Structures are given as structure tokens and as C-alpha cells.
Amino acid sequence: MQGGPLVQALLRVGRCLEDKTGVPLDSFVKLLSKTPREEYGDFGFPLARFFGRAEQVLPEVQQCVSIDYVSLSLWNGFLNVKLDERGLGRELFELMKGGWRPEPLKTETPRRIVVEHTSANPVHPLHIGHARNASLGDCLARMLKARGNDVVVRYYVNDVGRQVSVVVLGFSLLGIEPEELSTRLGTKIDHAIGWVYAVTHTAIDAVMARRRGDQEEAERLAAQLVKLRERGDASLADLIIERVSSLENPEAKLSEIMSRYEAGLEPERSKVRALSQAALEGFMETLGRMGIGYDSIDWESDVVWSGLLAAVLSKARESPYLTKHKEALALDLMRIVRERVGEKERERLRLPKGFEVPPMILFRSDGTTLYWTRDIAYSIYKFSDSKADQVINVIASEQRLPQLQIRIALLGLGYEREGLNMLHYEYEIVRLPGRAMSGRRGEYVTLDELIDEAKERAAKEAALRNPDLSKEELESIAEGIAVGAIRFSLVQPGATKSITFDVERVLRLEENTGPYLQYTHARAHNILEKHGQVKYELAEPEVFSERDRRSLLIHALLYPMVAAKAADELRPEDLASYLLKLADLFNKWYQKDSVIREPNAGLREGKAAMVQLVSQVLGSGLSLLGVPPLKRM
RNA sequence: GGGCCCGUAGCUCAGCCAGGAUCAGAGCGUCGGCCUGCGGAGCCGAAGGUCCCGGGUUCAAAUCCCGGCGGGCCCGCCA
């Protein structure tokens, strides 16, 4: 029985209601909520808003539902659903005996969905900002998959463009390989690359600032270089700075590397690839620790070299929307909007009314392409390669404009389906106190450091509580707590909230955190461990007459619907708050009622079944959030 | 200047999209309790708020509309 006894019952009510009153099931599910007062029943739906003559049809609906543990009533325009906990319990025990487990309700309209996330540039280590992207993206993918969709997770390696060229230039000025530097600095390779990137980038900017006479800026950058110098190898930093300063035209150097790479010429072709690959391996190691993986790694350079980009560009050249902007070839997006975008499209594109869309420049004057140009081609590829109905791009909201431009460009170039079904899942970036993080200045808190710090704290705490644990067990538990704490803290606030990074907050282990949920799960698991196999046939539904157990039961049984809704609405934060509430109810009950010391066998097995249910819900929900559901901690 | 996001307890935030039935909530912090009970990463209690401000719509507004104010982001031949 999909959804379990409660969700099935509620859906039956919804369907009958749709049948008898025409109120869509969707609206019912959307607006159904817990009642504020017990005497109204358990769930309420504001029926009067949709249907005036409720009194007349109520008996019909009731009869249509015909589930003995469900009764309906009307109050103040609300249709209230009251559950009989004994009937619900009886049904639950029966299901559990048959091996039923709570899981998100499967969708009736499965789609093929691509989720592209993280896609950090291979020029600096992953930092806490990327972690938010990765955590959100991975969580969306998990939820959508569990909902029954066919999900393909992709990572886009941005190895074409200016940024990678900066690192390549930096290494060639140093005359050493990334591996060597990594060894010399004693850091992961992506950290070493990030250091070279920051030093080179800042050195170039400083030189340029000085040359154009911006003394103030030059001094600021010089100060930054001092910091960077201390953080790595001072003599190597000096070498980069010195050689950058002696370059006649650093920009021309970068431009040369870029265009040769785009053209696929050696040695740039091997060099840039190798460097990106090295950084990527560092990323995957970190993401692997976080429990995050991909179905496909897509290289931006492949989009260029495979001819995909050329095909799109030739379309663009023949397009009626081709124009010139500041001497460069561009797409006249405003004209596309005027000619191709109606009210419906405007909404799908999320284009604000009256918004002036700037033209999209397709090429730099040195002939190389811009990232958004390549992104048009890649977008088409994501749809075609995965035969996707929808593509979700998890990208910071600061990129809203270019993302919108890409959607409009797709529309204008004849890729209407792609343009309209591409969703920019926006999230606010993580800020450091007082400032944004900056890869090119080397200002960031790396994810590796954060995990290690969290792990250390967790290990201390876990060792205190579990002196019997082996080193290996402790290690893996601490890692689980660290990952749980970090991921939960990044996914729990709504994606539109900007987060100011605060180590203390992220690593907290108390209520309203990932570890709190993990702890609750471990407690539940512990009871079951001590209790042994649940004997469902002995379980007495009467056990749920007690208030706290009753609310726990009802809340836990709602899980399949909550998880389904969170998935459809792409709102992991809703799942997070639901789980917190469940944990609260569980812990409150736990405090004053014992399972294994319950003398009455019927009640004991009933409670055990309830704990089993809660533990399964927590286990499933935590997995969807990417928080490891630990059994001990 | 234009577009978008955010503004709720000292702090971090939920509720707003789909206005209602004790809707003013949670956590942190503060203060006070609970360790001979299945794990105290827990539980119980107290203090703490003009829901940024001003209008409007409505029988009803934290929620919708308009106008302000404060903070953030974007408006680059960077990504």
C-alpha cells in the first residue's frame, strides 16, 4: 500500500472530494494542514473557499471514502478529517508485518530530469559556498529520484575560459607541475592550484592597476599578495609576482592560452586538461566525503571540440536576431522577447515584466567564446544526451541575468522546448562575515578544512560517550556527524536566504541540527536493538490512545506525503523542518515512556512498532537530505 | 537609475506563494529545574516581539496591493 494508512486515507478523502465537489486533488493536498485545535480533528481543509454547499455533499463524500478509521466533519468552512488511532494502528501493524516501509509517495507522472550542480571552476578548492550548491543539488536529486523520477546528475567542468588560463599561466611562470607544488606545499592538489590561481590573478590585477595609475587599488592588491605569500610558499609567490610584472602584456598571454585551448592546439590542450583533471580529482575526493556523486562529468572543452558549439554558432550567425553590440557579434535578446515571448513564456522564463534584457555578446574580440555562449550549446546537449523533460541548474542567484539570457537565447535560436524547460534553481551565496568569498583573491574557507574541523569536534564528543568504540568506528562516526552537520546547515534554511558563514553555527550539535536528527535516529535504533524483532501480531493498537504516542504516529505516517511535496516543490527545507518536528515529538515521548520496560506485551510491541516506524522515517528522510543516518554516535 | 531577493524575540530563522479556526512560532543565548530508568547531542519551565514603516483591499492581513525605509545581489568582450 503506497503511502501507508494515513496518506492513503487522506488521498482517498481528496479523491472523493474531487469527485463530489470538483475541488482538484492538487488543491486539497496543497492546502490540507494540521488543525490548530484538537477538537476540530486532525487535518483540515478550507473547503468553503472552493465549494459553497459543503453540508449537502458531506454525507456523500463520507460514504465514498468509507474507511472505518476516518471521519469527516465541517467547522467554520473547514472540512476536517479525524482519524481513529486504533484503526490507523491496526492497519499500520498489518502493513509492517508485510514488510511495508515508509517512503516518499511515487509520482504518477514520472519525468526525466537532469540536475546539474556544483560545477565549480577547477581553479581553486571547493569552499563552503560550493558546498551549499552541492548539498542543495544532491538533495534535490535524491528527492526527485525517490519520488519516482528518472534523474541524471551532471557536473560541468569549466575548463574553457579565462580562469583556467590564469592558473596555466601561473604554473608556466613557475615552471613546475601541479603535483610537484602539491607535494612541496604539503596540500591537496586542488588547494595548491587554488593558491597559484589566487597569487597569479591578484598579481596580474595589481600590475594592471599600477599601470593604469590606480595607486589605491594597487596597494590593496599588494597587501592581499602579502597574505597569500604567507599562506603558501613565499619564494614561489615572489617568483610569480616578479615574472608577472615582467610580462609585457599579461592579458595577451591569457588570450593566447584561451584561444589555443579552444582551438584544441598542443601543448595547451594537454596542459589545461591535465590541470583541470587534477583539480577535479581533488573536488571529487571532497564531494565523495560528503556523499555526493555524479552520473556524468561533462567537459566544457568537449562542447567546443565536438562541434556542438560550432553548430549553435552557425545557427546564431544565420539568426534574424543576430546583431552588433559594442562592435561585437551578439544576439538581440530584447527582440526575441518582443517577437517570441508571450504571457505564458514570460512566466516560464521568469522574465520580469518590462525588464530590459541586455544583448548577449557571443564572442570576445580575440575570437574566443564567452561562457554563456558555450552554455547555450551545453544546455541543448543536456536535454538531448539525457532525453530530459526538464533540466535543473543549481546556480547561485547572482547569475540570474546570464541564466535568463541563456533561456531567451535558446528560445530565439529555435530551442523553445529547451529554453522553457530549463530551471535555474537559485540559491544565495554563502558569505564570510562582512564580505563575500573570493576565489581569485584566495579568500575562502575550504570545505576540506571545514569537514576536518567538524570531524575533530564530533570525534571528541563521540569518544566521550562511547569509550568502547574502536578507532575505525569512531573515525567513521565522526565523519558521518561532520557531514551531517554541514549538509543539514546548508540545506535547512530556504535557498533564497543568504547565509553568513559561522563555524560555530555550522558545527553545533544541538537541537535544530543534523546531528540532533542523527542522535534521535540512533536513540530509536538503540531501543530496537535492545528490544529485538518486533512482534507485530502481538501489537495492540490501543497503544496509540495515549496522546503523545498518537501525535507521534500521525506525524510519522505523514512522511510519504511530506517528502513527495518537498520533492515536487524543490523544497528540501520543508523536509528538514518536518524531520525536526518528528524528532521533537519522539524525544518528548522518549523521556517519559519506556518500551522495553513496558510489562504489557501488546503495548510493548505496539510501542516498538512505533519506534520502528519513526526510525524508518528518520532514516529515509535523512538519506534524502544527505545526512548519514547513524546507528551509534 | 532599472530588475530581483531579504526585513518576524538579543541572535539565526520558520510561517507569506495557495489570507482565516489561539498565528505571533522554533532553535541559539539568558535564567531556573530534571542524571539508581531504552543514550542528558535529551526533557520540563521562565523571561523576551510595534511580524521594518505608512496607506489600501477584506467580515478577516505577518500573509494580498500601493508607497516608503534598511540590507544584499545583478545590470562586464569574468564565471
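Computed from a prediction, not measured in an experiment: that's the story for all the values here. Here is how names work: the chains are called A, B, and so on, in the same order as the sequence lines, proteins then strands, and each is numbered from 1.
When the P atom is used for both B:C23 and B:C16, the distance is 14 Å, rounded to whole Å. Look at the P atom in both B:C69 and B:C77: the space between them is 31 Å, to the nearest Å. B:G67 and B:C59: their C1' atoms are spaced 26 Å apart (whole Å). For B:G3 and B:A21, the C1' atoms lie 40 Å apart once the distance is rounded to whole Å. Annotation: B:G15 and B:C64 have their C1' atoms spaced 16 Å apart (nearest Å). Look at the C1' atom in both B:G70 and B:A79: the space between them is 30 Å, to the nearest Å.
Across all strands shown, B:A26 forms a Watson-Crick or G-U wobble pair, both distances under 3.5 Å, with B:U12. Across all strands shown, B:G49 remains unpaired; no Watson-Crick or G-U wobble contact has both distances below 3.5 Å. Across all strands shown, the partner of B:G42 is B:C34, judged by Watson-Crick or G-U wobble contacts whose two distances both fall under 3.5 Å. The partner of B:C64 is B:G56, judged by Watson-Crick or G-U wobble contacts that both fall below 3.5 Å. Using the Watson-Crick or G-U wobble rule with both distances under 3.5 Å, B:G1 pairs with B:C75.
Partner of A:R154 under the side-chain contact (heavy atoms from CB on, under 4.5 Å) criterion, out of A:N393, A:D298, A:T118: A:D298 alone. Looking at A:Y156, A:Y155, A:W299, A:W372 one by one, the single match for ring pair (Phe, Tyr, Trp, His ring centres under 6.0 Å) with A:Y378 turns out to be A:Y156.
For A:D568 and A:K30, the salt-bridge test fails: no basic side-chain N is under 4.0 Å from an acidic carboxylate O. Taking a cutoff of 4.0 Å between a charged side-chain nitrogen and a carboxylate oxygen, A:D366 and A:R364 do not qualify as a salt bridge. A salt bridge is defined here as a Lys NZ or Arg NE, NH1 or NH2 lying under 4.0 Å from an Asp or Glu carboxylate O, and A:E504 with A:R508 fails to meet this definition. Between A:E443 and A:R441 there is no salt bridge, since no side-chain nitrogen of the basic residue lies less than 4.0 Å from a carboxylate oxygen of the acidic one. Between A:R162 and A:E251 there is a salt bridge, since at least one side-chain N of the basic residue sits less than 4.0 Å from a carboxylate O of the acidic one.
In this structure, A:F78 has its ring center at least 6.0 angstrom away from the ring center of A:W75. Separation of the A:F50 and A:F28 ring centroids does not fall under the 6.0 Å cut-off. Between A:H117 and A:H130, a ring centre-to-centre spacing not shorter than 6.0 Å is recorded.
Rounded to an integer number of Å, the gap from CD of A:Q403 to P of B:A79 is 13 Å. If you measure from atom NZ of A:K588 to atom P of B:G40, you get 16 Å, rounded to the nearest angstrom. Distance CZ (A:F586) to C1' (B:G42): 11 Å, rounded to an integer number of Å. In this structure, the CD atom of A:Q518 is 18 Å from the C1' atom of B:G40, given to the nearest Å. Between A:E428 atom CD and B:G71 atom C1' there is a gap of 12 Å when expressed in whole angstrom units. Distance A:M360 CE to B:C77 C1': 13 Å, rounded to the nearest Å. Atom CD of A:E573 is separated from atom C1' of B:C6 by 15 Å (rounded to the nearest Å).
When each of A:R632 and A:E398 is assigned the nucleotide of RNA chain B with its nearest heavy atom, A:R632 is the one assigned upstream, toward the 5' end. If you find the closest nucleotide of RNA chain B to A:A458 and to A:Q492, the one lying nearer the 5' end belongs to A:Q492.
Residue A:R457 is out of contact with every strand shown, counting any heavy-atom pair closer than 4.0 Å. Note on A:D26: nothing from the nucleic acid sits closer than 4.0 angstrom, heavy atoms only. Within the 4.0 angstrom heavy-atom criterion, no nucleotide atom of any strand lies near A:G439. In this structure, A:S594 reaches the bases: a heavy-atom distance under 4.0 Å links it to at least one base atom across the strands shown. Among the heavy atoms of the strands lying under 4.0 Å from A:R374 are primed sugar atoms or P, OP1, OP2 only; no base atom is included. Residue A:K30 is classed as a base contact, given a heavy-atom separation below 4.0 Å to a base.
Looking at residues 500-510 of chain A, you'll see A:R505, A:R508, A:L509, A:E510 sit with a heavy atom under 4.0 Å from some atom of RNA chain B.
Checking B:G27, B:G40, B:G76 against the side-chain heavy atoms of A:N512 singles out B:G27 as nearest. Here the side chain of A:N587 is nearest to one of B:A26, B:A79, B:C43, namely B:C43.
The side-chain tip of A:R523 points at the ring of A:Y590 from less than 6.0 angstrom away and within 45° of straight on.
The phosphate of B:A79 has neither OP1 nor OP2 within less than 4.0 Å of any side-chain N or O from A:Y197. Of the side-chain N and O atoms in A:Y427, none sit less than 4.0 angstrom from OP1 or OP2 of B:G72. Side-chain N/O atoms of A:K326 include one lying less than 4.0 angstrom from OP1 or OP2 on B:C77. Look at A:R49 and you'll find a side-chain N or O under 4.0 angstrom from OP1 or OP2 of B:G19. Of the side-chain N and O atoms in A:R597, none sit less than 4.0 angstrom from OP1 or OP2 of B:G37. For the pair A:K581 and B:A14, the criterion of a side-chain N or O lying under 4.0 Å from OP1 or OP2 is not met. Contact annotation: A:R364 side-chain N/O to B:C78 OP1/OP2 distance is under 4.0 Å. One finds no side-chain N or O of A:K592 lying less than 4.0 angstrom from the OP1 or OP2 phosphate oxygen of B:C44.
Base orientation at B:C52 is anti, since its O4'-C1' glycosidic dihedral falls outside 90° of 0.
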Criterion side chain to side chain donor-acceptor pair (under 3.5 Å) on A:D159 and A:Y261, from CA distance to verdict
CA-CA 9 Å; A:D159 62 329; A:Y261 189 58; 2.6 Å; yes
Carefully, step by step, assess A:E605 and A:H531 under the rule side chain to side chain donor-acceptor pair (under 3.5 Å).
CA-CA 9 Å; A:E605 296 306 319; A:H531 173 272; 3.1 Å; yes
Enumerate all atom pairs, one protein N or O and one N or O from nucleotides 2-4 of chain B, separated by less than 3.5 Å.
unit_1	atom_1	unit_2	atom_2	d
B:C4	O2'	A:R400	NH1	2.7
B:C4	O2'	A:R400	NH2	2.9

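Evaluation of atom-type donor-acceptor distances gives no pair under 3.5 Å for the side chain of A:T496 against the base of B:C6.
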